[in-house]
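Have a look at the structure below, then the notes.
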Amino acid sequence: MIDVAVAGSLHLDIMVAAPRLPGRDETLIGSSWHYKCGGKGGNQAVAAARFGARTAFGGQTGADDFGERLRANLVAAGVDIAHVGIDAAQGSGMSVAISEAGGEYGAVVVSGANLTIDAGSVAARWAPLWDAKVLLLQNEIPEPVSLAAAQAVKARGGRVVLNAAPARKMSAAFLALADVLVVNRVEAAMLSGAEDLAQALALLHAPSRDVVLTRGGDGLMLMTRDGSRVDVPALPVKLVSSHGAGDCFCGALAARLAAGDGIEAACRFATEAAGRFVSAVQSP
């Protein structure tokens, strides 16, 4: 049985090291660059697999070198790619990410083949994924695809973890399917309309949903479905790079939920995993 199914995005990231982000109309001299397989879906699937979950992926690449790299990266991590399609007409998703010397970053994403997944056919085409214990979703593929996936998993009794990243408007019908909603400060404010984090957490809470609000080095705020509030501190580490930390957190969270942990225990495990991730030099 699949522990964690991920329906999401695959992007090949071109990582550029620079002293800071460039300003408008500025040409800035960087110090190095390398490829890194990414996309929130891909990153989270790799993390789930590395934390022991039997993981399978539903998504799409182009018929190009980027796509070959992306599929090979999933396979190397132990992720089942039987349901990763190839679009012969559209290029693979990619991004350019600039990492600053202090560890922060900014990125531009071109979604490519991630946006050409046929929402009307995934329920049938990806059917083996729907028996997963946990379905992990993000906001980098079209909402109708994620909605169809969530409906299919819920119909089989599985749990849906929705990482509402990147921030975008989502339908009430889609949000209602989330058993666990993971947001950062920006996503919490956009979805709730509240700048105060405690207020945003309360507004996003529902009796059928746990809400996890991540705050980087400030730890996280959790409101469980019964209305209990728990704060989990971040692991005290020296930041090397924050790029991909949220995806590591989500993959670890899904893996532990699939293993049977309660939401608080899973959050504590994932917080420590993300802390160790940001303090380590990640391989290209």
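Starting from 1, each residue takes its place in the sequence as its number.
For the side chain to side chain contact (heavy atoms under 4.5 Å, CB included) criterion with Arg215, the lone passing option out of Asn184, Leu197, Val232 is Leu197.
To the nearest 0.5 Å, atoms CG (Leu177) and CZ (Arg209) are separated by 10.0 Å. In this structure, CD on Glu187 lies 7.0 Å from OG1 on Thr214, to the nearest 0.5 angstrom. Atom NE2 in His205 sits 6.0 Å away from atom OG1 in Thr224 (nearest 0.5 Å). In this structure, CG on Leu235 lies 5.5 Å from CZ on Arg276, to the nearest 0.5 angstrom. From His11, atom NE2 reaches atom CE of Met94 across 9.5 Å, with rounding to the nearest 0.5 Å. With values rounded to the nearest 0.5 angstrom, Leu12 atom CG is found 7.0 Å from Tyr35 atom OH.
A donor atom on one side chain and an acceptor atom on the other are found under 3.5 Å apart for Asp87 and Thr116. In this model, no donor atom of one side chain and acceptor atom of the other lie less than 3.5 Å apart for Asn114 and Glu140. A donor atom on one side chain and an acceptor atom on the other are found under 3.5 Å apart for Arg71 and Thr61. One side chain, Gln44 or Asp247, offers a donor N or O that lies under 3.5 Å from an acceptor on the other. A side-chain N or O of Ser92 and one of Asp64 form a donor-acceptor pair less than 3.5 Å apart. Looking only at atom types and distance, the side chain of Ser192 has no donor-acceptor partner in the side chain of Gln199 under 3.5 Å away.
Val6 and Phe51 sit in two unconnected hydrophobic clusters of ILVMFWY residues. Membership requires side-chain heavy atoms under 4.5 Å apart, directly or through other members. Linking ILVMFWY side-chain heavy atoms closer than 4.5 Å, directly or via other members, places Val160 and Val122 in a single hydrophobic cluster. Linking ILVMFWY side-chain heavy atoms closer than 4.5 Å, directly or via other members, places Val212 and Leu203 in two distinct hydrophobic clusters. Hydrophobic clustering (ILVMFWY, side-chain heavy atoms < 4.5 Å, transitive): Val109 and Ile98 are in distinct clusters. Residues Leu10 and Ile14 share a single hydrophobic cluster, defined by chaining ILVMFWY side chains whose heavy atoms lie under 4.5 Å apart.
Val183 approaches Ala164 most closely through the heavy-atom pair CG1-CB, 3.9 Å. Between Ala273 and Cys248, the shortest heavy-atom distance links the atoms O-SG, 3.8 Å. The heavy-atom pair separating Gln138 from Ser146 by the smallest distance is O-OG, 3.9 Å. Of all the heavy atoms in Lys169 and Met190, the pair that sits closest is N-CE, 3.5 Å. Scanning all heavy atoms of the two residues, the minimum distance from Leu21 to Leu28 falls at C-CD2, 4.2 Å. The minimum heavy-atom distance linking Ala165 with Lys40 is given by the pair O-CD, 3.5 Å.
Judged by distance alone, with hydrogens and angles left aside, the side-chain atoms of Glu68 form no donor-acceptor pair with the main-chain N or O of Asp65 at under 3.5 Å. Formation of a donor-acceptor pair under 3.5 Å by the Trp130 side chain with backbone atoms of Ala123 is found in this model. Panel note: side chain Asp13, backbone Met15; no donor-acceptor pair is recorded below 3.5 Å. No donor-acceptor pair closer than 3.5 Å links the side chain of Thr271 to the backbone N or O of Phe269.
Contact check for Ile117 versus Trp126: side-chain heavy atoms found under the 4.5 Å cut-off. Inter-residue side-chain proximity for Gln60 and Ile86 is flagged as unmet; no heavy-atom pair is nearer than 4.5 Å. Annotation: side chain of Ile2 is not in contact with side chain of Arg54 (no heavy-atom distance under 4.5 Å). At a threshold of 4.5 Å between non-hydrogen side-chain atoms, the residues Asp210 and Leu181 do not count as touching. The side-chain heavy atoms of Pro233 and Asp231, taken from C-beta on, include no pair separated by under 4.5 Å. Using a 4.5 Å heavy-atom threshold, the side chains of Arg229 and Leu222 count as separate. Glu143 is listed as a side-chain neighbour of Ser171, based on a closest heavy-atom distance under 4.5 Å. Here the side chains of Phe174 and Leu162 are in contact, with some heavy-atom distance below 4.5 Å.
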Take Val182 and Val161 through the side chain to side chain contact (heavy atoms under 4.5 Å, CB included) test and state the conclusion after the steps.
-> CA-CA 7 Å; Val182 182; Val161 177; 4.2 Å; yes
Evaluation steps, ring pair (Phe, Tyr, Trp, His ring centres under 6.0 Å), between Phe277 and Phe249 = CA-CA 9 Å; Phe277 181 89; Phe249 175 90; over 10 Å; no
Start with the C-alpha distance between Val110 and Ser95, add both sets of side-chain angles, then the distance that settles side chain to side chain contact (heavy atoms under 4.5 Å, CB included), and finish with yes or no.
-> CA-CA 6 Å; Val110 180; Ser95 77; over 6 Å; no
Just do the salt bridge (charged side-chain N to carboxylate O under 4.0 Å, His left out) check on Glu272 and Arg268 with the steps written out, would you?
-> CA-CA 6 Å; Glu272 181 172 347; Arg268 292 187 183 279; over 6 Å; no
Could you walk me through whether Arg159 and Leu135 pass the side chain to side chain contact (heavy atoms under 4.5 Å, CB included) test, one step at a time?
-> CA-CA 6 Å; Arg159 300 173 74 181; Leu135 171 67; over 6 Å; no
Would you check, one step at a time, whether the test side chain to side chain contact (heavy atoms under 4.5 Å, CB included) holds for Arg125 with His83?
-> CA-CA 8 Å; Arg125 285 178 47 227; His83 301 95; 6.0 Å; no
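In summary, Asp261 and Arg256 engage in a salt bridge, as defined by a charged side-chain N under 4.0 Å from a carboxylate O.
By the 6.0 Å contact criterion, CD on Glu195 is open, its count of non-hydrogen atoms from other residues, nucleotides or ligands being 12 or less.
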